[in-house]
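Worksheet: one structure, shown below.
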Protein chains: 2
Amino acid sequence: MAGGRPRTFDMDDALDRAVEVFWRQGYEGTSISELTAAMGVNKPSLYAVFGTKEELFQQVVQRYAERELAYFREALALPTALEVVCDYLNRNAVALTRPDRPPGCLSIQGGLSASPANNTVTQFLATSRLTGERALAARLTRARTDGDLPADAAPAALARFVMVVSEGQAVHAAAGATAYELQQSAAIALKAFEQALTTAN
Amino acid sequence: MAGGRPRTFDMDDALDRAVEVFWRQGYEGTSISELTAAMGVNKPSLYAVFGTKEELFQQVVQRYAERELAYFREALALPTALEVVCDYLNRNAVALTRPDRPPGCLSIQGGLSASPANNTVTQFLATSRLTGERALAARLTRARTDGDLPADAAPAALARFVMVVSEGQAVHAAAGATAYELQQSAAIALKAFEQALTTAN
DNA sequence: CCAGTTTGCAACCGATCGGTTCAGAACTTT
DNA sequence: AAAGTTCTGAACCGATCGGTTGCAAACTGG
């Protein structure tokens with residue numbers, strides 16, 4: 001057994017750098033040479049460690065979900081439906097506009113559309129967004145049995161509405177909207193949600 | 001003066017075909033050879049008639065706004081703020097999911113993010129979206145003087161909220177949501193808007 | 001110090017990118 | 001029919017794409 005030549009890069013750091021590049025430029029807007037430069041990894045090592053561009057992208061999205069979307073899972077753990085949604089949309093506004101991060105959301109601008117050759121990337125991101133929506137729907141279903149959502153409320157439709165607002169916030173953030181502006185939109189959306197707490201939907 | 005060899009393509013038809021390709025694949029996901037194939041225009045003619053890829057894209061976006069976003073301008077012409085927003089969001093749901101069109105919205109998935117080399121495209125689209133938001137804000141400001149929006153309502157914030165919802169609908173549509181699902185979201189959003197009609201915002 | 005292992009670096013691969021050049025075909029006017 | 005104009009088709013341009021190969025450098029265990 002032998003050690004071999006040591007790496008000049010840290011895998012975790014390199015992946016974080018890749019997250020940033022894909023986040024800012026999207027899948028098709030990012031070239032391998034830009035990635036190797038930003039990650040501090042030479043090309044053969046990149047392929048040895050992370051696989052192809054598409055495989056790297058999947059790891060990037062996973063890392064992004066773990067490190068940058070923690071607030072979503074934390075929001076889901078709050079006691080009532082209203083708290084969940086209020087917390088999520090407001091923290092979303094902040095997360096989408098962090099000055100030390102690219103504006104917007106990787107899960108959307110990473111590849112909302114693409115060449116037919118890269119269709120799997122678009123579908124992969126759509127699926128990962130849908131997973132979040134389903135988690136929220138499940139949380140709202142529980143809220144209905146908990147009693148903080150009316151029995152005749154529609155958790156799937158409400159969850160979809162919340163995700164629609166959150167995606168709209170992301171598009172606006174990518175265009176340069178401020179956290180305050182996005183929170184204003186969140187506040188208006190929450191009025192609709194509050195109404196669902198008392199009325200049939 | 002002479003006529004020269006006649007073209008084998010129609011400029012208007014060719015531009016419509018280009019709209020469809022950019023709409024489905026985005027700016028960076030579309031190659032010149034895909035465009036020439038879809039438009040029925042050979043490469044030298046494409047450059048002679050439409051200019052560079054970026055110049056063609058600008059004409060494509062303009063054509064898209066003229067032909068595919070007419071319902072937005074029609075909605076703005078309705079008598080009251082509530083009618084304007086209700087009509088817009090519901091017709092948006094239909095327009096984003098037409099079976100004879102690519103799902104989603106060209107103004108968003110055409111280039112939400114891009115390589116630094118194509119940054120102008122992203123900014124161009126963001127500006128064109130902002131133009132729509134400002135038109136809606138102006139319409140809501142008029143509604144305030146008309147009296148169908150409270151004096152203490154915030155037209156800019158309300159317009160931003162409506163555009164956030166509309167952009168979220170577009171992202172959802174790109175992922176395969178149905179018109180019905182998007183109209184459910186529109187209905188929930190409208191409850192928030194209705195509340196703004198009676199209460200301070 | 002040497003054998004074995006793993007990395008870094010650079011050159012290379014075919015394919016495609018956006019964009020141009022050029023000869024000849026197809027038209028109109030005289 | 002000849003001259004003039006405009007378009008088509010294909011070949012071509014340098015650059016870059018994602019991905020690979022080969023070799024020397026840098027480490028470990030014996």
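Here is how names work: the chains are called A, B, and so on, in the same order as the sequence lines, proteins then strands, and each is numbered from 1.
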- Task: Hey, which sits more toward the 5' end of DNA chain C by its nearest nucleotide, B/Gly4 or A/Val49?
- Result: A/Val49
- Item | Qualifying side chain to side chain donor-acceptor pair (under 3.5 Å) pairs, either residue in residues 32-46 of chain A, two or more places apart | A/Ser31-A/Ser33, A/Ser31-A/Glu34, A/Asn42-A/Ser45
- Summary of protein contacts for nucleotides 12-18 of chain C, nucleotide by nucleotide, where a base hit scores B, a sugar-phosphate-only hit scores S (4.0 Å, heavy atoms): -----SS
- Check ring-ring contact (aromatic ring centres under 6.0 Å, His included) between A/Tyr64 and all other residues, then give those that pass, not counting sequence neighbours. A/Trp23
- Query: Tell me the side chain to side chain donor-acceptor pair (under 3.5 Å) pairs involving residues 104-119 of chain A, sequence neighbours left out?
  - Reply: A/Glu28-A/Asn118
- What residues form a salt bridge (Lys or Arg N to Asp or Glu O under 4.0 Å) with A/Arg67, not counting sequence neighbours? A/Asp12, A/Asp16
- Sequence-distant partners of A/Arg101, salt bridge (Lys or Arg N to Asp or Glu O under 4.0 Å), two or more places apart: A/Glu68
- Message: Strictly by ring-ring contact (aromatic ring centres under 6.0 Å, His included), give each pair with a member in residues 30-62 of chain A just once, sequence neighbours left out.
- Response: A/Phe22-A/Phe57, A/Tyr27-A/Phe57
- Item | Contacts of type ring-ring contact (aromatic ring centres under 6.0 Å, His included), residue B/Phe72, not counting sequence neighbours | B/Tyr88
- Query: Please give, in whole Å, the distance from C/dT20 P to B/Leu46 CG?
  - Reply: 11 Å
- Message: Expressed as a whole number of angstroms, how long is the span from B/Asn42:CG to D/dA11:P?
- Response: 14 Å
- Task: Return the value, rounded to whole Å, for the distance between atom CE of B/Met39 and atom C1' of D/dT8.
- Result: 16 Å
- Minimum side-chain heavy-atom gap B/Val49-B/Phe9 below 4.5 Å: yes
- Identify, residue by residue, the members of residues 5-22 of chain A with a heavy atom below 4.0 Å from DNA chain D, and return them in order of residue number, or none. A/Arg5, A/Pro6
